[in-house]
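Owing to the predicted nature of the structure, the values given are computational and were not obtained by experimental measurement.
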Amino acid sequence: MSGRKNAGKASPCLLLLISVGCFFATYNFLTMVGHGRSWDGPRKMLGGGGGDSAASFASGSDPSKRFHVALTATDALYSQWQSRVMYYWYREMRDRPGSDMGGFTRILHSGKPDGLMDEIPTLVVDPLPEGADRGYIVLNRPWAFVQWLKTADIKEDYVLMAEPDHIFVRPLPNLAHGDEPAAFPFFYIKPTENEKILRKFFPEEKGPISKIDPIGNSPVIIKKAQLEKIAPTWMNVSLKMKEDEATDKAFGWVLEMYAYAVASALHGVHHSLRKDFMIQPPWDLKMDSTFIIHYTYGCDYTLKGELTYGKIGEWRFDKRSYLRSPPPRNLSLPPPGVPESVATLVKMVNEATANIPGWDEER
């Protein structure tokens with residue numbers, strides 16, 4: 001991810017203030033401690049406190065099952081163009097039969113408005129104090145959710161935690177069942193294989209390590225009331241994991257995912273594991289009955305349609321090719337033989353960019 005801050009070692013006092021503040025202090029206090037600012041906390045710039053509410057009356061949707069789509073993002077161009085594509089497909093899918101999608105909020109944790117405020121319903125929140133993320137910008141995600149949940153007027157009873165590189169390919173119903181949230185199981189989140197490390201944060205009196213689900217925070221559909229309890233713990237566990245050298249080394253870029261899984265388990269929340277929640281090209285080949293494409297991996301192929309992962313292909317689509325400028329309209333389609341999932345991804349990016357006004361304009 002682009003736009004990372006310079007790494008720095010946060011003092012124990014600073015981390016303690018953040019942790020205590022999450023539970024007991026007001027947002028104003030935290031922003032003054034972290035930044036020396038005096039403005040009055042998170043600012044909603046468009047669409048009211050709960051974000052885009054245009055989907056509140058989606059045809060055939062049970063109001064009690066509707067979920068608010070919450071997208072955490074930065075003001076980096078790399079994050080912006082992905083957010084625009086994601087929001088386009090949300091708008092396309094939200095009112096279709098079978099959808100339980102409600103409102104939408106982009107939670108912008110850069111601390112200031114950006115050029116998308118008039119395009120995407122956005123709440124501006126503060127990042128962590130300088131140096132607290134130690135160059136791992138994803139640590140701002142749980143803190144962003146803590147602020148949003150404290151300040152926003154969210155009409156729906158459920159929340160979908162989403163990311164900029166998600167594309168909705170079908171109308172998404174509420175996959176949660178009451179107090180059992182729904183989550184996607186990641187093959188690389190392996191709690192039982194990391195018990196020694198995880199016991200630092202999930203003590204034995206809490207039960208077997210298998211109570212920790214093999215998930216991250218996204219995609220997850222969860223009751224808002226549950227997330228309000230989990231989010232501060234998720235933030236504190238994330239900071240503690242990052243502070244612990246062995247844990248940081250072991251978990252690397254998925255540390256915050258493990259932190260959410262641990263925080264949920266600490267609150268006794270078990271997730272229903274839904275493999276149909278999303279696919280991840282190029283490893284998942286077919287669309288089947290999935291709801292989301294997650295394009296986190298690069299897709300590299302020969303002109304014969306053969307995967308060349310780890311080597312730049314004759315044809316490729318990789319979001320990291322567009323760190324400093326958005327992908328151009330009308331990307332070339334993959335050659336014959338490339339999996340359905342990859343072809344669908346590129347076609348959906350092309351459709352979005354063709355229909356988003358001012359796609360090539362700097363924001």
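When each of Arg134, Lys249, Lys200 is checked for a salt bridge (charged side-chain N to carboxylate O under 4.0 Å, His left out) with Asp244, only Lys200 meets the rule. Only one option out of Val159, Val220, Ile154, Val269 pairs with Leu227 in a side chain to side chain contact (heavy atoms under 4.5 Å, CB included); it is Val159.
Note on Val169 and Leu331: same hydrophobic cluster, where clusters join Ile, Leu, Val, Met, Phe, Trp and Tyr whose side-chain heavy atoms are under 4.5 Å apart, directly or indirectly. Hydrophobic clustering (ILVMFWY, side-chain heavy atoms < 4.5 Å, transitive): Leu285 and Met348 are in distinct clusters. There is a path of hydrophobic side-chain contacts, each under 4.5 Å, that joins Tyr309 to Phe187.
Using a 30° and 60° split on the angle between ring planes, Trp253 and Tyr188 fall in the tilted class, from 30° to 60°. By the 30° and 60° cut-offs, the orientation of the rings of Trp234 relative to Phe145 is tilted. Taking the six-membered ring where the residue is Trp, Trp81 and Tyr295 present parallel rings, their angle staying beneath 30° rather than reaching 60°. In this structure, Trp315 and Tyr301 have tilted ring planes: the angle between them lies in the 30° to 60° band. By the 30° and 60° cut-offs, the orientation of the rings of Trp148 relative to His68 is tilted.
Of the charged side-chain nitrogens involved, none lies within less than 4.0 Å of a carboxylate oxygen, so that Lys311 and Asp300 do not count as a salt-bridged pair. Between Lys242 and Asp248, at least one side-chain nitrogen of the basic residue sits less than 4.0 Å from a carboxylate oxygen of the acidic one, meeting the salt-bridge criterion.
Across every non-hydrogen atom of Leu108 and Asp75, the tightest pair is CD1-N, 3.6 Å. Contact detail for His109 and Ile137: the closest heavy-atom pair is CE1-O, 4.3 Å.
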Give the intermediate values and the outcome of side chain to side chain contact (heavy atoms under 4.5 Å, CB included) for residues Glu243 and Leu239. CA-CA 6 Å; Glu243 189 178 31; Leu239 290 169; over 6 Å; no
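Not a single donor-acceptor pair under 3.5 Å links the side chain of Arg106 to the backbone N or O of Thr122.
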